Amino acid sequence: MSTDLGMPAVGGLDLVPAADAPQKAKDYTSDQEVRWCPGCGDYAVLAAVRSFLPALSIRRENAVFISGIGCSSRFPYYLDTYGMHSIHGRAPAIATGLATSRPDLSVFVVTGDGDALSIGGNHLVHALRRNVNITILLFDNRIYGLTKGQYSPTSEVGKVTKSTPEGSVDAPFNPLALALGADATFVARVMDSDRKGLTEVLEAAARHRGASLVQIYQDCPIFNDGSFDVLRRPDDAESRVIAVRHGEPITFGTDGRWAVVRRGFGLAVAPAAEVAPEDVVVHDATDPGLAHALARLSDQDLEHVVLGVLRQVSRPTYDDLARAQVAAAVDAGGADLRALVHGGDTWTVRDGAVTTAAQP
Amino acid sequence: MTSTAAAGTDARPTQPRSRVVIRFAGDSGDGMQLTGDRFTAEAAAFGNDLATLPNFPAEIRAPHGTLAGVSSFQLHFADHDILTPGDRPDVLVAMNPAALKANVGELPAGGVLIVDTDEFTRRNLAKVGYAADPLEDGSLAPYAVHRVAMTSLTTAALAELGVGKKDAERAKNMFALGLLSWMYSRPTGGTEAWLRAKFARRPEIAEANVVAFRTGHAYGETTEAFAVPYEVAPAVLPDGTYRQVTGNLALAYGLVAAGVRSGLPVFLGSYPITPASDILHELSRLKRFGVTTFQAEDEIAAVGAALGAAYGGALGVTSTSGPGVALKSEAVGLAVMTELPLVVVDVQRGGPSTGLPTKTEQADLLQVLFGRNGESPVPVVAPRSPADAFDAALEAARIALAYRTPVFLLSDGAIANGSEPWRLPEVEELPALAVEFATEPNGPDGEFLPYLRDPETLTRPWAVPGTPGLTHRIGGLEKADRTGDISYDPANHELMVRVRQAKVDGIAVPDLEVEDPTGDADVLVLGWGSTWGPIGAAVRRLRTAGHRVARAHLRHLNPLPADTGAVLRSYRRVVVPEMNLGQLALLLQGRFTVPVESVTKVAGLPFGAAELAERLTPYVEEKEQVTA
């Protein structure tokens with residue numbers, strides 16, 4: 001991503017070996033047949049990922065994709081990298097162990113709204129809190145697809161599904177507010193159909209040192225078809241989609257018809273013509289209050305949806321700190337197994353005689 | 001012998017004793033575990049054989065002076081090799097009425113009882129339901145009672161030092177330790193040095209404790225009440241260098257040794273849980289060996305992270321107790337399916353559910369063997385004693401690394417917190433755990449086949465991320481033979497289920513060692529885990545009483561030694577003592593269709609030697625009645 005936040009030049013890929021030669025999307029394509037439903041948003045994301053990975057210029061064998069369970073979690077099979085299709089909700093935990101023990105890997109987590117926010121909610125918030133150097137792709141179609149159509153933790157209140165024939169009474173998560181609550185250092189949202197935005201944000205997320213969360217809105221054509229159509233149809237999207245970019249005033253719609261302004265402790269949308277230019281909010285991805293307000297500006301009913309990088313800040317990562325402690329201890333020496341085992345108060349028996357080691 | 005460094009200049013002769021069982025009992029806040037630990041260290045430094053049994057409530061500080069808050073520490077030390085922490089104490093130190101009430105029932109007539117009279121107030125007596133003061137009502141007549149005003153003697157001795165009243169009273173446990181150290185002619189220099197090191201940052205507290213310790217020692221020396229000090233001579237154990245060790249410490253060191261011997265970094269993912277947390281604590285202090293410890297958000301994340309690290313080429317370990325195993329089960333199944341090495345430490349405690357967190361039990365055996373969905377074979381190794389936990393940890397790591405499989409290391413609370421002398425190994429004697437990662441494609445057409453197996457061990461290659469040319473995907477869905485692709489093919493599933501089972505069944509484990517001194521016993525007592533000590537002690541008693549009995553011990557619960565069935569069938573009766581309701585017995589009967597008789601105990605405490613001997617007697621007597 002082009003945004004320069006003036007942060008220290010410590011990138012998410014700094015310890016990952018560089019590729020010897022230029023790569024192509026094809027290099028990242030595995031021999032496995034892709035088995036998502038026709039029209040599934042996962043295809044678009046897969047294509048975007050295959051195309052942006054070469055741009056990272058890392059060795060292909062040093063990229064690892066860890067997924068949980070759900071339609072999107074089949075993702076690793078379709079990339080010719082290392083990968084693990086693990087168990088429901090646990091991918092962030094597995095990725096934490098891998099990223100902590102292997103700084104030379106670029107570790108991605110592929111998960112969905114059910115996997116990450118329901119069964120795996122605990123691992124997600126803790127991975128974000130620890131700021132482990134991983135990149136989390138959260139595919140949000142607001143439905144359980146693989147189990148054939150139950151409501152998810154991001155489904156709208158009132159949603160009629162197989163398990164909620166009278167409509168869901170469950171209040172949904174605002175995933176970005178949740179991530180910000182866990183003090184995540186990189187929080188972004190993109191649309192599956194926005195190839196350019198997807199590529200740009202995912203690359204920035206991969207290059208971010210720390211835990212990156214990218215929520216990807218996508219359709220499930222079978223169980224939640226057209227759920228994001230209002231964000232795709234230009235006429236509707238016009239007044240709804242708020243694309244933000246660090247350092248730029250937040251205006252949107254044709255010719256910047258709408259502007260985001262401060263209201264109380266939060267944000268509101270106003271016709272740009274009625275707002276003095278200095279009152280238009282300028283996006284600052286380092287401002288935690290602004291990030292929260294932008295997350296709250298995004299409604300579950302999609303009246304307004306903020307896309308782009310809401311927050312990107314630098315904070316020490318768990319895995320860097322954990323490795324530094326181990327490295328410092330190793331460097332200080334004294335890793336003598338015999339001395340460890342033979343430590344403490346010892347005594348010796350020789351031919352029936354007991355000799356006690358000198359007391360301290 | 002150079003270690004007869006009994007302190008003091010007492011002219012009274014010492015009386016030899018071959019073995020003594022001491023139980024320190026007091027309130028949870030009285031420092032009984034610390035006192036017991038320190039006396040144990042003195043006994044160890046003196047060269048006695050020893051075994052310990054800490055017994056404490058799950059509450060950190062239960063209401064003061066109540067029965068629920070009683071904490072005790074039993075120590076058995078001897079001039080010969082012993083196998084258990086002892087059944088009934090010879091000496092009971094009771095720091096308050098609650099400790100007396102909870103423990104005096106186990107003190108045999110004639111036993112020595114030392115009480116802190118200062119704590120026998122009307123209020124404290126009422127708290128535990130004593131209508132009359134047992135020190136006055138004659139109910140303690142069967143015992144040799146020593147009434148010692150430990151609290152006031154301690155505070156009086158510390159009056160000059162200017163420490164606060166609370167700190168002064170708190171030092172009364174060191175008075176007790178000093179008194180007992182005199183009684184049993186323990187060397188004292190070690191304890192004083194230890195106190196000064198422990199309280200290095202608060203020298204006034206260190207001094208107070210040292211003074212309290214010396215005051216207790218001097219009290220024994222100068223008071224006519226204690227006729228003579230006793231001496232328990234050093235034990236003549238096999239040649240070697242020894243130290244005292246608890247099971248959790250030995251297990252942690254075994255994991256470090258496995259890392260050193262395999263050349264792999266150890267990665268421990270753990271969530272605090274009693275009685276396993278000390279493994280996390282110990283390994284967290286050993287980063288210099290390249291050990292990474294990760295305190296996870298929950299049990300599932302702990303095993304998940306360990307598995308992730310194992311995927312990356314580390315020696316992945318997770319440590320927990322029974323409730324944690326229940327939570328980790330699905331991830332262990334993933335390790336079975338992905339065939340990655342992983343050591344899962346289960347320090348068993350009383351169950352079900354939260355159960356008895358600080359007490360011991362062996363009731364997780366069937367959980368670790370069968371508590372997962374699908375056919376999910378996992379090897380199981382169980383240490384038999386605190387020191388053996390070191391070797392058992394190495395063995396668990398050996399199997400995990402050599403066969404690319406999760407392995408359960410099944411310890412328990414008695415092993416974890418108990419201690420004994422450990423004959424220290426030399427590093428070069430430890431097994432080499434060399435590991436080879438895959439580096440080259442292995443397929444006929446130059447491709448990499450992640451599920452192409454070694455024809456002998458049936459293990460698959462361990463290809464870690466970052467290895468060029470070997471990119472591949474693994475996961476929980478059924479794998480196609482050789483390629484590791486997703487496969488729903490019926491014949492493939494049939495094959496893979498059977499291959500995973502055959503791999504575990506084929507793990508090389510040593511044959512059973514049967515101990516039968518007369519060579520003609522027809523009753524076999526078979527045990528596993530921490531019943532090793534009590535069974536050994538009970539069998540000794542039976543043999544001393546003239547019974548012929550064989551005994552054997554299972555270190556590997558899965559796979560079982562190849563000769564297990566043959567051994568079982570060669571005895572007329574097989575008796576299995578267990579701290580559960582007969583789990584190994586059930587397993588053996590199912591596997592070998594031989595009758596197995598169970599002797600079980602689920603009291604949260606180990607079998608006592610006399611107790612177990614008594615319970616085994618009918619099994620060894622019947623034959624003799626028949627032949628008589």
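The structure presented is a predicted model; accordingly, all values stated were derived computationally and were not measured. Numbers restart at 1 for each chain; the letters A, B, ... are given by sequence-line order, proteins then strands.
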Any side-chain heavy-atom pair of Arg473(B) and Arg74(A) under 4.5 Å: no
Need one label for Phe65(A): side chain, backbone, both or neither, based on atoms under 4.5 Å from any heavy atom in chain B. neither
Region of Val326(A) in contact with chain B, defined by heavy-atom distances below 4.5 Å: both
So which residue, Asp485(B), Thr467(B), Leu249(B), ends up with the most heavy-atom pairs under 4.5 Å with chain A? Thr467(B)
Among Thr81(A), Asn62(A), Asp80(A), which residue meets the side-chain hydrogen bond (donor to acceptor under 3.5 Å, both in side chains) test with Thr471(B)? Asp80(A)
Top contributor to chain A contacts, counting heavy-atom pairs under 4.5 Å, from Pro465(B), Ala41(B), Gly312(B): Pro465(B)
Sort Phe267(B) into side chain, backbone, both or neither according to what part of it lies under 4.5 angstrom from a heavy atom of chain A. side chain
For the residue pair Asn122(A) and Asp298(B), what are the closest heavy atoms and their distance? ND2-OD2, 2.9 Å
Part of Ala331(B) lying under 4.5 Å from any heavy atom of chain A: both
Side chain, backbone, both or neither: which part of Leu264(B) has an atom under 4.5 Å from a heavy atom of chain A? neither
For Arg90(A), which of Leu307(B), Leu334(B), Ile300(B) qualifies under side-chain contact (heavy atoms from CB on, under 4.5 Å)? Ile300(B)
Thr96(A) vs Glu297(B), side chain to side chain contact (heavy atoms under 4.5 Å, CB included): CA-CA, chis, key distance, verdict: CA-CA 11 Å; Thr96(A) 295; Glu297(B) 61 270 23; over 6 Å; no
In short, Gly466(B) meets Tyr82(A) closest at the heavy-atom pair N-CE1, 3.6 Å
Consider side-chain contact (heavy atoms from CB on, under 4.5 Å). Of Val354(A), Val349(A), Thr346(A), which one does Tyr242(B) pass it with? Val349(A)
Contact leader toward chain B among Asp31(A), Val64(A), Asp351(A), where contacts are heavy-atom pairs under 4.5 Å: Asp351(A)
Which bit of Asp336(A) comes within less than 4.5 Å of chain B, counting heavy atoms only: side chain, backbone, both or neither? backbone
Using 0.5 Å steps for rounding, measure from the CG atom of Leu477(B) to the CD1 atom of Ile69(A). 6.5 Å
If I measure from the heavy atoms of chain A, does Pro421(B) come under 4.5 Å with its side chain, its backbone, both, or neither? both
Does any heavy atom of chain B fall under 4.5 Å from the side chain of Arg130(A), the backbone, both, or neither of them? side chain
What are the two closest heavy atoms between Pro468(B) and Glu61(A), and how far apart are they? CB-OE2, 3.4 Å
Tell me whether Arg243(B) contacts the main-chain N or O of Gly343(A) through its side chain, where contact means a donor paired with an acceptor under 3.5 Å. yes
Nearest heavy-atom contact between Gln244(B) and Trp347(A) is N-CZ3, 3.8 Å
Of all of Val341(A), Leu105(A), Thr100(A), Leu79(A), which one pairs up most often with chain B through heavy atoms under 4.5 Å apart? Val341(A)
In terms of heavy-atom pairs under 4.5 Å with chain A, the winner among Gly304(B), Ala463(B), Gly316(B) is Gly304(B)
Is atom OH of Tyr271(B) surrounded by more than 12 heavy atoms (other residues, nucleotides or ligands) closer than 6.0 Å? no
Answer whether the closest heavy-atom distance between the side chains of Ser101(A) and Thr292(B) falls below 4.5 Å. no
Name the region of Arg59(A), side chain, backbone, both or neither, that has any atom closer than 4.5 Å to a heavy atom of chain B. side chain
Tell me, side chain or backbone of Gln325(A) under 4.5 Å from chain B's heavy atoms, or both, or neither? both
Measuring from Asp345(A):CG to Glu42(B):CD, what's the distance to the nearest 0.5 Å? 10.0 Å
Taking all atoms of both residues into account, what is the closest heavy-atom pair of Tyr77(A) and Ile474(B), and its distance? OH-O, 4.4 Å
Heavy-atom distance under 4.5 Å to chain A: side chain of Ala306(B), backbone, both or neither? neither
Top contributor to chain A interface from Ala305(B), Gly333(B), Ala296(B), Ala235(B) [non-hydrogen pairs under 4.5 Å]: Ala305(B)
Output for pair (Glu330(B) CD, Ile87(A) CD1), nearest 0.5 Å, gives 4.0 Å
Counting only N and O atoms by type, is there a donor-acceptor contact under 3.5 Å from the side chain of Tyr311(B) to the main-chain atoms of Gly83(A)? yes
Heavy atoms of Ala301(B) and Ala93(A) approach each other most closely as CA-CB, 3.6 Å
Please state whether the side chain, the backbone, both or neither of Arg338(A) comes within less than 4.5 Å of a heavy atom of chain B. both
Neighbour count >12 (heavy atoms, 6.0 Å) for atom CZ, Arg285(B): no
Residue, of Ala197(B), Ala44(B), Pro425(B), that accumulates the most heavy atom pairs under 4.5 Å with chain A: Ala44(B)
Region of Pro265(B) in contact with chain A, defined by heavy-atom distances below 4.5 Å: neither
Side chain, backbone, both or neither: which part of Leu430(B) has a non-hydrogen atom closer than 4.5 Å to chain A? side chain
Could you look at Val464(B) and say if it's the side chain, the backbone, both or neither that has a heavy atom under 4.5 Å from chain A? both
Step by step, would you call Arg288(B) with Leu340(A) a side chain to side chain contact (heavy atoms under 4.5 Å, CB included)? CA-CA 11 Å; Arg288(B) 64 182 184 276; Leu340(A) 178 73; 3.7 Å; yes
